[in-house]
Novice: 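Have a look at this one.
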Amino acid sequence: MLNKDFIEKYTTVFGNGAEKFFETLMREKSRHIRLAAARNADYLKELSELSIGFETSEIPSVYRITENADRLTDTIGFQTGGFYIMNPSSVFTAGVLTSLMPDYPYILDVSSAPGGKTCAMADILKNRCAIIANEPSPKRLKSLQFNIEKYGSYSVRTVSMDGRSLHKVFDGFFDGILLDAPCSNENKIGRNKTVNAEWSQELTERMAKLQKEIADSAFVSLKEGGVMVYSTCTFAVEENEAVVRHLLDSFDCEPVDINNGQYTKGISGDKEVDEKVIRFLPHLDEYDGFFIAAIRKKGKPSEGGSFVRFKPDKEVNEFFTEFPEYAEVYEKGGSKFLTTRMDRSINFKSNGIMLFKREGELTSQALWQLADIVRDDIKSQTDYNNALRYLKGFDIDMPSDYHGGAVFYDNIPVGMSKPVQGMLKNKLDRYFLYGKNIEW
């Protein structure tokens, strides 16, 4: 039974549509995946081989799972970051911000964990960007950093700061900011007993106050001409249109029309806001409930950052035929990391992804992301069962046509190995074994 006060409030908001609204909040959530668009591996072929049904959606690289969704997490594709299980509304939100960015943008994700939108932005931009992902919770920061490595988001650095103080470090620094704000989670109220039990108007108002404080700090962190995309997974006007109105009244800025008459509009009665924002409402739209708005700081359009062409060294050339021109490699503690250039030096919690764990030892996560440019003469093919055994941490049989330590199943990268006594010794970072369920 839905929260009585919630029902009373939204009966007033939606009128004749309220009953259908409440019904859709109780329905089983559909499962979608976002494919890693920057990779060329055929992860859909693996799904077909396992009789996992899927169909396309209007959002690029997003597929709705129609059959055997319970098998998704056991696939090579999922375990190696080939696809992310996530709400299409979240992918849409990441796409809105990236579509408004200049070449090589500096981007801030204010509340990033577990990292679905962060990794989506990096992937959509093919890591030709520099992203700072913030997560104030130390526990959630671990899940964020796990996913950055798994999904090959080497353009991402992490920090852990209170969202209300970001401007003290990053005043006027970013071309784009994604603020997927902490909220009252009303979209989950029909499926989450805790959300249902704890919902109240007082909670809504308390969250709206926090959202405005975080939004104020984030907005100061924008360059002139920069854009902030503000989103929530809640329905309250207080947490959505009213926060946009607060920004418009507090800063020299303007709403960006991301609706263009194509989607459900705002419901606040403020025409300047309502016409230009997007609401996904579960009783009117295909996707889960979501609110999305874009606000541009006035001034000349921001121009993005800059990068210096990377010159691969001998170690890099041993594994790759070429290298992303906008990437750079740096060394720390005997390991080498892959990241992108940013004209800012602070004490980041992490920088990109690990490239070489030690000299001459390419990491599996680097193989997963950069498989397209790995040299053919170090690739070896394995069968499906051995691929799955590898991802469980076991050594596997050496194939008869062994060429090198980069193990593939068809064109899907599985991981790095080392030949030892007729077997391929598993070189998968134990991080991916012990952290497999961290994102949930």
Side-chain angles (χ1 to χ4, degrees), residues 32 34 37 57-62 86-103 105-111 116-118 120-121 123-125 129 131 174-181 183 187 211-212 214-215 218-219 221-237 239-282 284-299 301-302 304:
H32 292 75
R34 180 192 63 81
S57 76
E58 64 176 12
I59 302 175
S61 300
V62 172
M86 66 188 299
N87 182 343
S89 302
S90 297
V91 186
F92 189 96
T93 304
V96 168
L97 182 60
T98 55
S99 71
L100 297 169
M101 289 296 93
D103 186 39
Y106 287 179
I107 295 174
L108 170 67
D109 191 342
V110 177
S111 301
K117 298 182 191 67
T118 308
M121 290 190 294
D123 186 51
I124 292 168
L125 293 170
C129 55
I131 300 175
F174 295 101
D175 301 287
I177 293 177
L178 175 60
L179 172 50
D180 186 44
C183 67
N187 179 55
Q211 290 156 355
K212 291 172 184 175
I214 297 174
F219 210 78
S221 303
L222 272 179
K223 296 177 183 176
E224 283 190 5
V227 177
M228 184 168 81
V229 167
Y230 175 82
S231 64
T232 75
C233 61
T234 202
F235 306 110
V237 168
E239 299 182 59
N240 293 317
E241 290 92 344
V243 177
V244 177
R245 171 45 60 193
H246 166 78
L247 289 172
L248 295 177
D249 291 342
S250 302
F251 297 93
D252 188 16
C253 61
E254 58 190 1
V256 179
D257 187 356
I258 60 172
N259 190 300
N260 295 309
Q262 299 179 46
Y263 305 97
T264 302
K265 299 178 181 179
I267 59 174
S268 69
D270 183 339
K271 292 191 68 174
E272 182 184 12
V273 174
D274 288 354
E275 295 293 316
K276 297 179 180 179
V277 303
I278 296 172
R279 271 188 177 270
F280 290 128
L281 294 172
L284 300 178
D285 302 290
E286 178 183 356
Y287 306 129
D288 285 355
F290 226 75
F291 174 87
I292 312 167
I295 308 97
R296 186 187 302 276
K297 182 180 284 190
K298 290 185 179 178
S302 63

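Numbering starts at 1 and runs along the sequence shown. Any value given below was found using the heavy atoms of this structure, including those in side chains, with hydrogens, waters and symmetry copies removed. Because the structure is predicted, anything quoted here is derived from the model rather than measured.
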Novice: How many angstroms lie between CG in Asp288 and OG in Ser90, if you round to the nearest 0.5 Å?
Specialist: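 Asp288 atom CG to Ser90 atom OG measures 8.5 Å (nearest 0.5 Å).
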
Novice: For the CZ atom of Phe291 and the CG atom of Leu281, what is their distance to the nearest 0.5 Å?
Specialist: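 Separation between the atoms: 10.5 Å.
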
Novice: Sub-3.5 Å donor-acceptor pair from the side chain of Asn260 to the main-chain atoms of Gln262, do we have one?
Specialist: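 No.
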
Novice: Carefully, step by step, assess Ser302 and Glu224 under the rule side-chain contact (heavy atoms from CB on, under 4.5 Å).
Specialist: CA-CA 6 Å; Ser302 63; Glu224 283 190 5; over 6 Å; no

Novice: Counting N and O atoms only, with roles assigned by atom type, does the side chain of Asn259 sit under 3.5 Å from a partner on the main chain of Val277, one being a donor and the other an acceptor?
Specialist: yes

Novice: Quick one: do Glu254 and Lys297 make a salt bridge, cutoff under 4.0 Å?
Specialist: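 Judged by the 4.0 Å cut-off on N to carboxylate O distance, Glu254 and Lys297 do not form a salt bridge.
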
Novice: Show the nearest heavy-atom pair for residues Ala293 and Val244, with the distance to one decimal.
Specialist: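 Heavy atoms only, the tightest pair is CB-CG2, 3.6 Å.
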
Novice: Roughly how far, to the nearest 0.5 Å, is the CD1 atom of Ile131 from the CG atom of Leu125?
Specialist: 6.5 Å

Novice: Kindly indicate, with the supporting measurements, whether the criterion salt bridge (charged side-chain N to carboxylate O under 4.0 Å, His left out) is fulfilled by Asp270 and Arg245.
Specialist: CA-CA 8 Å; Asp270 183 339; Arg245 171 45 60 193; 2.8 Å; yes

Novice: How many angstroms lie between CD1 in Ile292 and OG1 in Thr93, if you round to the nearest 0.5 Å?
Specialist: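 Interatomic distance, Ile292 CD1 to Thr93 OG1, rounded to 0.5 Å: 3.5 Å.
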
Novice: Heavy-atom count check: over 12 atoms from other residues, nucleotides or ligands less than 6.0 Å from Lys298 NZ?
Specialist: yes

Novice: Would you say Asp175's side chain and Gly226's backbone share a donor-acceptor pair under 3.5 angstrom?
Specialist: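 The answer is no, because no donor-acceptor pair under 3.5 Å joins these two groups.
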
Novice: Taking ring pair (Phe, Tyr, Trp, His ring centres under 6.0 Å) as the test, write out the residues that go with Phe92, two or more places apart.
Specialist: Tyr263, Phe280

Novice: Please say whether the positively charged group of Lys223, taken as NZ for Lys or CZ for Arg, lies over the ring of Tyr106, i.e. under 6.0 angstrom from the six-membered ring centre and within 45 degrees of the axis.
Specialist: yes

Novice: Compare every heavy atom of Pro105 with every heavy atom of Pro102, then report the nearest pair and how far apart it is.
Specialist: O-CD, 3.3 Å

Novice: Does a side-chain heavy-atom distance below 4.5 Å link Pro282 with Phe235?
Specialist: yes

Novice: In terms of heavy-atom contacts, does CD of Glu275 have more than 12 from other residues, nucleotides or ligands at under 6.0 Å?
Specialist: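 Correct, the count exceeds 12.
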
Novice: Between Glu241 and Val273, is there a donor-acceptor pair closer than 3.5 Å when you use the side chain of the first and the backbone of the second?
Specialist: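 Answer holds: no.
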
Novice: For residues Met121 and Cys129, determine if any side-chain heavy atom of one lies less than 4.5 Å from a side-chain heavy atom of the other.
Specialist: no

Novice: Under 4.5 Å between any side-chain heavy atoms of Tyr287 and Ile59, yes or no?
Specialist: yes

Novice: Out of curiosity, Ser99 OG to Ile258 CD1, how far, rounded to the nearest 0.5 Å?
Specialist: 8.5 Å

Novice: Is it true that a side-chain atom of Ser57 and a backbone atom of Val62 form a donor plus acceptor pair closer than 3.5 Å?
Specialist: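 Here the side-chain-to-backbone pair exists.
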
Novice: Are Thr234 and Asn187 close enough, and set up right, to give a side-chain contact (heavy atoms from CB on, under 4.5 Å), and what steps lead you there?
Specialist: CA-CA 5 Å; Thr234 202; Asn187 179 55; over 6 Å; no

Novice: Could you tell me which non-hydrogen atom of Cys183 sits nearest to which non-hydrogen atom of Glu239, and how far apart they are?
Specialist: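 Answer, listing the atom of Cys183 first, then Glu239: CB-OE1, 3.2 Å.
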
Novice: What closest approach, in Å, do Ser221 and Ile177 show between heavy atoms, and which atom pair accounts for it?
Specialist: CB-CD1, 4.0 Å

Novice: Could you walk me through whether Asp274 and Ile267 satisfy the side-chain contact (heavy atoms from CB on, under 4.5 Å) test, starting with their C-alpha distance in whole Å, then the side-chain angles of each, then the deciding distance to 0.1 Å, before giving a yes or no?
Specialist: CA-CA 6 Å; Asp274 288 354; Ile267 59 174; 5.7 Å; no

Novice: Looking at Lys117 and Met86, what are the two nearest heavy atoms and their distance?
Specialist: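 Between these two residues, the closest heavy atoms are N-CE, 4.0 Å.
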
Novice: So, for Leu100 and Ala294, which heavy atoms are closest and what is the spacing to 0.1 Å?
Specialist: CD1-CB, 4.1 Å

Novice: Is there a side-chain contact between Met228 and Leu247 in this structure, where contact means two heavy atoms from C-beta onward sitting under 4.5 Å apart?
Specialist: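 Counting from C-beta outward, Met228 and Leu247 do come under 4.5 Å.
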
Novice: Does Asp285 come within less than 4.0 Å of Arg279, counting only side-chain N to carboxylate O?
Specialist: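 No, this pair does not count.
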
Novice: Given the rule in the side-chain contact (heavy atoms from CB on, under 4.5 Å) test, do Ile295 and Val256 qualify, once you have shown the distances and angles that lead to the verdict?
Specialist: CA-CA 6 Å; Ile295 308 97; Val256 179; over 6 Å; no

Novice: Indicate the ring-plane relationship of Phe219 and Phe251, choosing parallel, tilted or perpendicular according to the 30° and 60° boundaries.
Specialist: tilted

Novice: Do Ser111 and Asp180 have a side chain donor and acceptor closer than 3.5 Å?
Specialist: no

Novice: Say you draw a straight line from OG1 of Thr98 to CD1 of Ile124; how long is it, rounded to the nearest 0.5 Å?
Specialist: 4.0 Å

Novice: When you compare the side chain of Ser231 with that of Leu179, does any pair of heavy atoms fall below 4.5 Å?
Specialist: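 No, every pair of side-chain atoms sits at 4.5 Å or beyond.
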
Novice: Does the side chain of Leu248 reach to within under 4.5 Å of the side chain of Pro255, using non-hydrogen atoms?
Specialist: yes

